[in-house]
**Student:** 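For reference, the structure I am asking about is given below.
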Amino acid sequence: MRRRVASQAPVVILSEPQLAENIGAVARVMANFGLEELRLVAPRDGWPQPRAWASASGADWPLEDARVFSTLPEAAADLRLLLATTARPREAVLPVITPREAAARLRLAAAQGLASGLLFGGERAGLSTDDVALCEAIVTAPVDPRFRSLNLAQAVAICAYEWRTAVDDSPPPAFGEPPLPADKSALMGLFEHLEAELDTAGFFHPPEKRPSMVRNLRAALSRAQLTAQEVRTLRGVVTALSRGRGAVLAKLARAAAQERRD
């Protein structure tokens with residue numbers, strides 16, 4: 001069992017969730033984006049539910065450490081900032097912000113050492129007006145108005161992603177060390193090999209344009225930052241094409257000779 005890591009990341013509160021599979025899917029996206037703490041308010045089928053672990057696909061720690069509460073006020077008692085996620089208009093007059101704006105507020109709260117949370121409603125009816133009234137703002141994703149419905153895990157994923165990018169928007173490290181680019185001598189060998197074969201094929205026409213055409217070819221290949229292996233591969237391609245042209249010419253010459261004999 002993984003211990004909860006103490007941090008100021010927002011907690012995720014699911015109010016009256018219904019399906020264990022959805023709770024598991026929420027845990028999975030929480031783990032994707034570094035959210036640790038899951039709180040469940042009156043889950044319909046009780047807790048724990050084995051099907052949630054199957055849906056989590058190995059992201060077990062939010063489920064193993066999940067806390068269950070009877071009411072939302074109990075679940076949110078220690079929080080200083082709580083944001084409600086809903087696409088449905090409610091009677092409560094609150095600021096309506098995007099997940100990105102919500103992430104900025106949550107990040108500020110974290111910097112101040114304040115406990116915060118994101119509140120998500122159940123699958124059937126979402127959040128009640130009373131639920132929303134406990135929150136400081138409403139978070140709504142800018143979805144297409146023709147179809148506003150998001151499933152529970154999708155809604156959590158959008159908010160969790162924005163939180164993650166607010167904390168660290170750098171790309172993930174590369175998968176292994178990138179290969180080094182080929183040295184200039186290897187590139188020059190490729191350039192000269194290719195240019196010689198193009199000369200033989202009559203590509204550089206008219207002749208006075210040859211220098212500019214060569215520069216363009218070299219610039220295009222240089223931009224690719226070819227590795228040594230890629231240079232060898234391309235030289236093999238050039239060789240194969242030139243030998244193929246020679247084979248075709250030899251075949252044509254044999255055919256012409258045969259016609260003369262006939």
Side-chain angles (χ1 to χ4, degrees), residues 8-19 21-44 52 55-56 59 62-63 66-69 71-110 114-167:
Q8 292 300 327
V11 304
V12 172
I13 302 178
L14 305 184
S15 181
E16 301 182 7
Q18 295 179 288
L19 298 177
E21 291 83 356
N22 288 341
I23 299 173
V26 165
R28 182 174 182 174
V29 297
M30 287 176 62
N32 286 148
F33 299 112
L35 299 181
E36 298 272 347
E37 188 171 350
L38 175 63
R39 301 182 184 182
L40 306 175
V41 178
R44 184 189 66 182
S55 295
L63 301 177
R67 300 165 63 189
V68 180
F69 299 85
T71 67
L72 178 58
E74 293 173 339
D78 62 325
L79 303 182
R80 303 298 185 94
L81 173 66
L82 183 60
L83 304 178
T85 60
T86 181
R88 299 183 177 93
R90 299 296 179 183
E91 295 175 7
V93 180
L94 290 172
V96 179
I97 59 178
T98 65
R100 188 159 299 173
E101 293 172 296
R105 292 197 185 195
L106 294 166
R107 183 72 182 93
L108 179 60
L114 304 178
S116 63
L118 287 161
L119 174 62
F120 299 85
E123 298 91 325
R124 183 179 61 85
L127 295 173
S128 69
T129 302
D130 290 340
D131 292 336
V132 174
L134 292 175
C135 302
E136 282 70 43
I138 293 172
V139 183
T140 297
V143 295
D144 193 310
R146 294 173 296 177
F147 194 76
R148 296 181 181 274
S149 177
L150 291 172
N151 69 36
L152 183 56
Q154 287 174 329
V156 175
I158 291 171
C159 294
Y161 168 79
E162 292 294 350
W163 158 259
R164 185 71 174 186
T165 57
V167 173

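The model shown is predicted, which means the values in this text are computed figures rather than measured ones.
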**Student:** Report yes if the side chains of Leu150 and Ile158 come closer than 4.5 Å at any heavy-atom pair, otherwise no.
**Tutor:**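 Leu150 vs Ile158: side chains touch.
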**Student:** Check Ala84 against Cys135 and note the closest heavy-atom contact, atom names and distance.
**Tutor:** CB-SG, 3.5 Å
**Student:** Measure across Trp163 and Phe33 and return the closest heavy-atom pair with its distance rounded to 0.1 Å.
**Tutor:** CD1-O, 4.0 Å
**Student:** Compare all side-chain heavy atoms of Met30 with those of Glu37 and state whether any distance is below 4.5 angstrom.
**Tutor:** no
**Student:** Take Leu40 and Phe69 through the test side chain to side chain contact (heavy atoms under 4.5 Å, CB included) and record every step on the way to the result.
**Tutor:** CA-CA 6 Å; Leu40 306 175; Phe69 299 85; over 6 Å; no
**Student:** Mind listing the closest non-hydrogen atom pair of Val41 and Pro17 along with its distance?
**Tutor:**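 That would be O-CD, 3.5 Å.
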**Student:** Do Pro142 and Pro99 have side chains that get closer than 4.5 Å, going by heavy atoms?
**Tutor:** yes
**Student:** Between Glu136 and Arg105 (salt bridge meaning N to carboxylate O under 4.0 Å), is one present in this structure?
**Tutor:** no
**Student:** Between atom CZ of Arg39 and atom CG of Leu119, what is the distance when rounded to the nearest 0.5 Å?
**Tutor:**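 Taking CZ in Arg39 and CG in Leu119, the distance rounds to 11.5 Å.
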**Student:** So do the side chains of Leu35 and Pro62 get within less than 4.5 Å of each other, counting heavy atoms only?
**Tutor:**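 When only atoms from C-beta onward are counted, Pro62 and Leu35 do not touch, as no gap falls below 4.5 Å.
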**Student:** I want to check something: taking the side chain as every heavy atom from C-beta on, are Leu38 and Ile23 in contact at a cut-off of under 4.5 Å?
**Tutor:**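 Side-chain contact under 4.5 Å: yes.
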**Student:** Do the non-hydrogen side-chain atoms of Thr140 and Thr98 ever get within less than 4.5 Å of each other?
**Tutor:** no
**Student:** Atom CD1 of Ile97 and atom CD1 of Ile138: how far apart are they, to the nearest 0.5 Å?
**Tutor:** 9.5 Å
**Student:** Scan side-chain atoms only and decide if Asn22 and Glu123 contain a donor-acceptor pair under the 3.5 Å cut-off.
**Tutor:** yes
**Student:** Test your reading of the model: is there a side-chain donor-acceptor pair from Ser116 to the backbone of Leu106, 3.5 Å cut-off?
**Tutor:** no
**Student:** Give me the atom names and distance for the closest heavy-atom approach of Leu63 to Ala56.
**Tutor:**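 So the two residues come closest at CD1-CB, 3.7 Å.
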**Student:** For the CG atom of Leu72 and the OG atom of Ser15, what is their distance to the nearest 0.5 Å?
**Tutor:** 5.5 Å
**Student:** Rounded to the nearest 0.5 Å, what separation is found between the CG atom of Leu82 and the CD1 atom of Ile13?
**Tutor:**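 If we round to the nearest 0.5 Å, Leu82:CG and Ile13:CD1 are 5.0 Å apart.
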**Student:** For a quick test of reading the model, state the closest non-hydrogen atom pair linking Glu162 to Ala103 and the distance between them.
**Tutor:** O-CB, 3.3 Å
**Student:** Are Cys159 and Phe120 close enough, and set up right, to give a side chain to side chain contact (heavy atoms under 4.5 Å, CB included), and what steps lead you there?
**Tutor:** CA-CA 10 Å; Cys159 294; Phe120 299 85; 4.2 Å; yes
**Student:** Quick one, Leu19 with Arg44, criterion side chain to side chain contact (heavy atoms under 4.5 Å, CB included). Give me CA distance, side-chain angles, the key distance, then yes/no.
**Tutor:** CA-CA 8 Å; Leu19 298 177; Arg44 184 189 66 182; 3.7 Å; yes
**Student:** Can you find a heavy atom in the side chain of Val29 that is under 4.5 Å from one in the side chain of Gln154?
**Tutor:**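 Of all side-chain heavy-atom pairs linking Gln154 with Val29, none is under 4.5 Å.
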**Student:** Run Leu114 and Leu81 through side chain to side chain contact (heavy atoms under 4.5 Å, CB included) and show every step you take.
**Tutor:** CA-CA 8 Å; Leu114 304 178; Leu81 173 66; over 6 Å; no
